[in-house]
There are 2 protein chains.
Amino acid sequence: MDELAKQHNHQRCIDDAMTQARELCQRRQIKFTAIREQVLACVWAKHQPIGAYAILEELAKDSTRRPAPPTVYRALDFLLDNGLVHRIASLNAFIGCKDPSHHHQGHFLICRHCRNAMELDTDIINSAINTAATQHGFAVETPCVEVVGCCANCQELNRNA
Amino acid sequence: MDELAKQHNHQRCIDDAMTQARELCQRRQIKFTAIREQVLACVWAKHQPIGAYAILEELAKDSTRRPAPPTVYRALDFLLDNGLVHRIASLNAFIGCKDPSHHHQGHFLICRHCRNAMELDTDIINSAINTAATQHGFAVETPCVEVVGCCANCQELNRNA
DNA sequence: GGTGCAAATGCAATATTATAACATTTTATT
DNA sequence: AATAAAATGTTATAATATTGCATTTGCACC
């Protein structure tokens with residue numbers, strides 16, 4: 001069974017991510033400001049990629065003032081630059097990185113049904129890409145792999161439906 | 001040396017693509033209308049992915065009338081549905097498919113310098129993705145692989161610069 | 001404590017990409 | 001010609017993202 005399908009204490013997911021982010025920023029001497037923290041919390045609220053404007057809506061709920069788009073995009077740029085979130089190009093959306101300690105692009109399995117996205121941490125795909133690229137003399141910099149399909153849990157649900 | 005770097009008769013590239021498209025549409029009994037043909041020609045004008053609005057500009061040059069966005073998007077939808085072009089999500093752009101005869105998503109090597117994109121035709125990457133996905137019980141439907149880097153030709157140019 | 005600088009944020013406007021809704025025209029078929 | 005379906009035209013607008021400039025904040029230095 002898929003790990004996302006298991007009952008998991010998601011608050012713990014969020015707390016871990018926030019703690020890790022705080023520590024990482026401290027180590028790197030960069031500022032984890034209130035806005036950046038709020039945006040990261042939004043991104044981690046679910047395992048589904050979230051759009052910039054959806055984040056904006058969430059921020060608007062939490063305070064009386066509604067931030068302008070650049071506020072959100074700047075926070076996202078910061079988080080992207082520091083590997084705390086990834087951008088899913090095919091969805092124009094953002095998702096928390098599950099291992100910000102080292103820079104990487106990440107490969108994603110995106111379920112078309114529940115919209116959850118899972119970050120893979122295998123080298124298999126990168127190796128394959130490098131092999132194929134090398135055959136053409138191409139030097140890989142940032143591979144982008146976003147696989148849409150159906151997650152284990154949703155397959156299960158569909159079978160029982 | 002990279003195939004795109006070789007002097008290649010690009011007019012021939014275009015002609016081949018157009019002929020193939022015409023034949024494919026005839027076989028499938030679908031209409032290769034003037035607009036669709038013009039849009040496909042724009043897409044094939046270079047080996048660089050082109051955006052919908054850039055296509056629109058090209059069409060505006062070629063005739064006195066300027067088509068509206070839906071005109072271009074509808075033509076693109078038709079071409080996408082029939083596998084004649086691919087969409088590069090990370091660039092919001094479109095590129096001609098080099099083998100429209102069978103449906104596939106295509107993997108792309110995109111050069112950050114010359115902006116050319118090359119479609120790969122290996123199974124290595126799909127296998128790797130399937131292997132990784134299967135480990136998580138995930139059923140792959142449409143893999144999206146867009147690798148940004150530096151093509152052989154641009155590496156060569158940079159070395160000599 | 002002030003001063004000045006750089007980073008971060010606020011804010012208004014606008015650019016870019018894409019779609020919705022409905023009218024009109026074209027095409028194929030009867 | 002009559003009809004229906006497909007394709008295109010047209011207007012408006014949605015959704016995503018950035019630019020440019022003003023203001024505020026945090027921090028090193030005197």
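By convention in this document, chain letters (A, B, ...) are assigned in the order of the sequence lines, proteins followed by strands, and residues within each chain are numbered from 1.
- Applying the 4.0 Å criterion to OP1 and OP2 of dA17(D), one finds that Y73(A) has a side-chain N or O inside that range.
- Distances shown here put a side-chain N or O of R36(B) below 4.0 Å from the OP1 or OP2 atom of dT8(D).
- Regarding contacts with the backbone of dT8(D), a side-chain N or O of T33(B) is found under 4.0 angstrom from either OP1 or OP2.
- Straight-line distance from the CZ atom of F32(A) to the C1' atom of dG26(D): 18 Å, rounded to whole Å.
- Under the 4.5 Å side-chain heavy-atom criterion for Ile, Leu, Val, Met, Phe, Trp and Tyr, F78(A) and F94(A) are members of the same hydrophobic cluster.
- No more than 12 heavy atoms of other residues, nucleotides or ligands shown are found within 6.0 angstrom of CZ on R12(B).
- In this entry the distance linking CG of L91(A) with P of dT16(D) reads 11 Å, nearest Å.
- Taking the ring centre of F32(B) as origin, the terminal cationic atom of R22(B) falls outside the region bounded by 6.0 Å and 45° from the ring axis.
- Backbone-only engagement by R65(A) is indicated by non-hydrogen atom pairs under 4.0 Å involving sugar-phosphate atoms exclusively.
- Counting heavy-atom neighbours within 6.0 Å of Q135(B) CD, excluding the residue itself, gives a total above 12.
- When each of P69(A) and R74(A) is assigned the nucleotide of DNA chain C bearing its nearest heavy atom, the one mapping closer to the 5' terminus is R74(A).
- Between the CD atom of Q29(A) and the C1' atom of dC27(D) there is a distance of 13 Å, rounded to whole Å.
- In this entry the distance linking CD1 of I30(B) with C1' of dA5(D) reads 16 Å, nearest Å.
- If you check dA17(D), dG26(D), dT8(D) against the side chain of N92(A), the one that comes closest is dA17(D).
- Residue-to-nucleotide proximity on DNA chain C shows that, of P70(B) and F78(A), the 5′-proximal contact is made by F78(A).
- Interface limits on DNA chain C: the 5'-most and 3'-most nucleotides within less than 4.0 Å of chain B heavy atoms are dT17(C) to dA20(C).
- Look at CZ on R66(B): it is 13 Å from P on dT10(D), rounded to the nearest Å.
- In this structure, N9(A) contributes its side chain and Q11(A) its backbone to a donor-acceptor pair below 3.5 Å.
- The distance between the ring centers of H86(B) and H107(B) does not fall below 6.0 angstrom.
- Annotation: the span from R87(A) atom CZ to S90(B) atom OG amounts to 9.0 Å, rounded to 0.5 Å.
- When rounded to the nearest whole Å, the span between CG of L56(A) and C1' of dA17(D) equals 12 Å.
- Going from atom CD of E37(B) over to atom C1' of dT8(D) covers 16 Å, rounded to whole Å.
- Here dA7(D) presents its C1' atom at 13 Å from CG of D77(B), a figure rounded to the nearest Å.
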